[in-house]
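Read through the structure below, which is laid out as structure tokens, and then see the notes.
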2 protein chains.
Amino acid sequence: MLKLSKLTDYAVVALVRLGQKEEVTTSPVLSRSTGIPEPTVAKVLKILATQGIVTSQRGARGGYRLAHPLEEISIATVIQAIDGPISLTTCVDGGDCDARSTCGLGGQWDMVNAAIRNALSAITLADMKNHTVTDRLGGLRTPSMPGGPAATA
Amino acid sequence: MLKLSKLTDYAVVALVRLGQKEEVTTSPVLSRSTGIPEPTVAKVLKILATQGIVTSQRGARGGYRLAHPLEEISIATVIQAIDGPISLTTCVDGGDCDARSTCGLGGQWDMVNAAIRNALSAITLADMKNHTVTDRLGGLRTPSMPGGPAATA
DNA sequence: GCATAATTGGACCGAAACAGTACTGTTTCC
DNA sequence: GGAAACAGTACTGTTTCGGTCCAATTATGC
Ligand code: FES
Ligand code: FES
């Protein structure tokens, strides 16, 4: 369905909320603040900590804190942290595709991957917080897009 | 992992290959030509037929043919045909998100969805065939991943 | 210095979606 | 009438995802 995992959704919510606090924040507090179930938000924070997006402080009086300001964290970064690398197809530069020799379009998917990655990198968490979408997305237009109503059926 | 299904990959390969033939082409021929297993390519073609991307001719001497020229079929169209709608998060306009009231970022994901959809719509199957990437992607620049202009505020 | 409590870290398990396969039915040409 | 090819449906195995539980670590308080 080309939808990112719910964990990523939660991650963005938690990060934005975390960006509004200066102090270190614990998982239960963040859970109460966001409405996300405690174990889940804990897991998300854990992953984000391993990826260096948030810094963690273990032990009592511990918690999490943003490693970078909210404006410098792009959606792509969060997605890559949670969902793994953004590579739409299996036949990327690695190449475990079985039909690579015959398919004709060698590694042409990389172009698509780059396009998506750019689109995702252009949006930061600060843009999500308050929808001050600048005109940075102005270059992205939707062109024609055929195949709507099942022309032949 | 934010990767589209393998079926979609196969669909693009099959469609590009189909675009190189003027005649109707059968599933087994297409399978041999692309290296995709027969049953799988048949399934993909079937789905594409229901979505109106290819037209089918039943009976003996039947087969499939492109419904539109290769240049008019965007990647987004194929993805939507196979994988369903492109909606990255569960909390889109529908709104079955459980944390909508507390999360703060109302329906801000729609912006992200639109960005991806546009990026995907900007690439056609013809662009995949021979990497004649026009300057259509000129608008998609990689904006210095973290810490871009941060034009918000 | 030691016990205690709070909090993160990593591992485990069940569930759901996905990919692939097989079968049966309908349509068309020879 | 027979054969070839698409159409639709159903089933099964696999993988990934979402969620939960227990162990390691650190600050606090006595
Ligand atoms: S389908 Fe994977 S390389 Fe072409
Ligand atoms: S997380 Fe779904 S609406 Fe905010």
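Quick note: numbers below take in every heavy atom, side chains included, and nothing from hydrogens, waters or symmetry partners. Worth saying up front: this structure is predicted, and the values here are computed from it rather than measured.
- Side-chain proximity of A:P39 to the nucleotides D:dT20, D:dC6, C:dT21 is greatest for D:dT20.
- Between the side chain of A:D83 and the backbone N or O of A:Q80, no donor-acceptor pair lies under 3.5 Å.
- Close to D:dC17, at under 4.0 Å from its OP1 or OP2, lies no side-chain N or O of A:Y10.
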For nucleotides 28-30 of chain C, print each protein N/O atom paired with a nucleotide N/O atom at under 3.5 Å, atom names and distance only.
unit_1	atom_1	unit_2	atom_2	d
C:dT28	O2	B:A60	N	3.2
C:dC30	OP1	B:R61	NH1	3.4

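- For the pair A:M128/B:V112, a side-chain contact is recorded, criterion being any heavy-atom separation below 4.5 Å from C-beta on.
- The CG-C1' distance, from B:L45 to C:dT21, rounds to 17 Å in whole Å.
- For the side chain to side chain contact (heavy atoms under 4.5 Å, CB included) with B:I73, the qualifying choice from B:T124, B:V16, B:L66, B:V54 is B:L66, the only one to do so.
- When each of B:K43 and B:S27 is assigned the nucleotide of DNA chain D bearing its nearest heavy atom, the one mapping closer to the 5' terminus is B:S27.
- Between D:dA7 and B:S56, a contact under 4.0 Å exists linking OP1 or OP2 to a side-chain N or O.
- One interatomic measurement links the two molecules: CD1 of B:I47 to P of D:dC6, which rounds to 15 Å at whole-angstrom precision.
- A donor-acceptor pair is defined here as one N or O able to donate and one able to accept, closer than 3.5 Å; such a pair exists between the side chain of A:S121 and the backbone of A:R117.
- Within the model, atoms CD1 of B:I53 and CD of B:E72 stand 13.0 Å from one another, a figure rounded to the nearest 0.5 Å.
- The CG atom of B:L7 sits 14 Å away from the C1' atom of D:dT14 (whole-angstrom rounding).
- Taking atom CG of residue B:D83 and atom P of nucleotide C:dA17, one finds them 14 Å apart after rounding to whole Å.
- For A:K6, whose side chain is taken as the heavy atoms from C-beta onward, the closest listed nucleotide among C:dG10, D:dG18, D:dC6 is D:dG18.
- When rounded to the nearest whole Å, the span between CD of A:E38 and P of C:dA6 equals 13 Å.
- Only one option out of B:T77, B:V13, B:V12 pairs with B:L125 in a side chain to side chain contact (heavy atoms under 4.5 Å, CB included); it is B:V12.
- Distance alone, capped at 3.5 Å, is enough to place a donor-acceptor pair between the B:T34 side chain and the B:L30 backbone.
- The 5' end of DNA chain C is approached more closely, in terms of each residue's nearest nucleotide, by B:I82 than by the other of B:I82 and B:K46.
- The phosphate of C:dT21 has OP1 or OP2 within less than 4.0 Å of a side-chain N or O from B:T40.
- If you measure from atom CG of B:L48 to atom P of D:dG8, you get 13 Å, rounded to the nearest angstrom.
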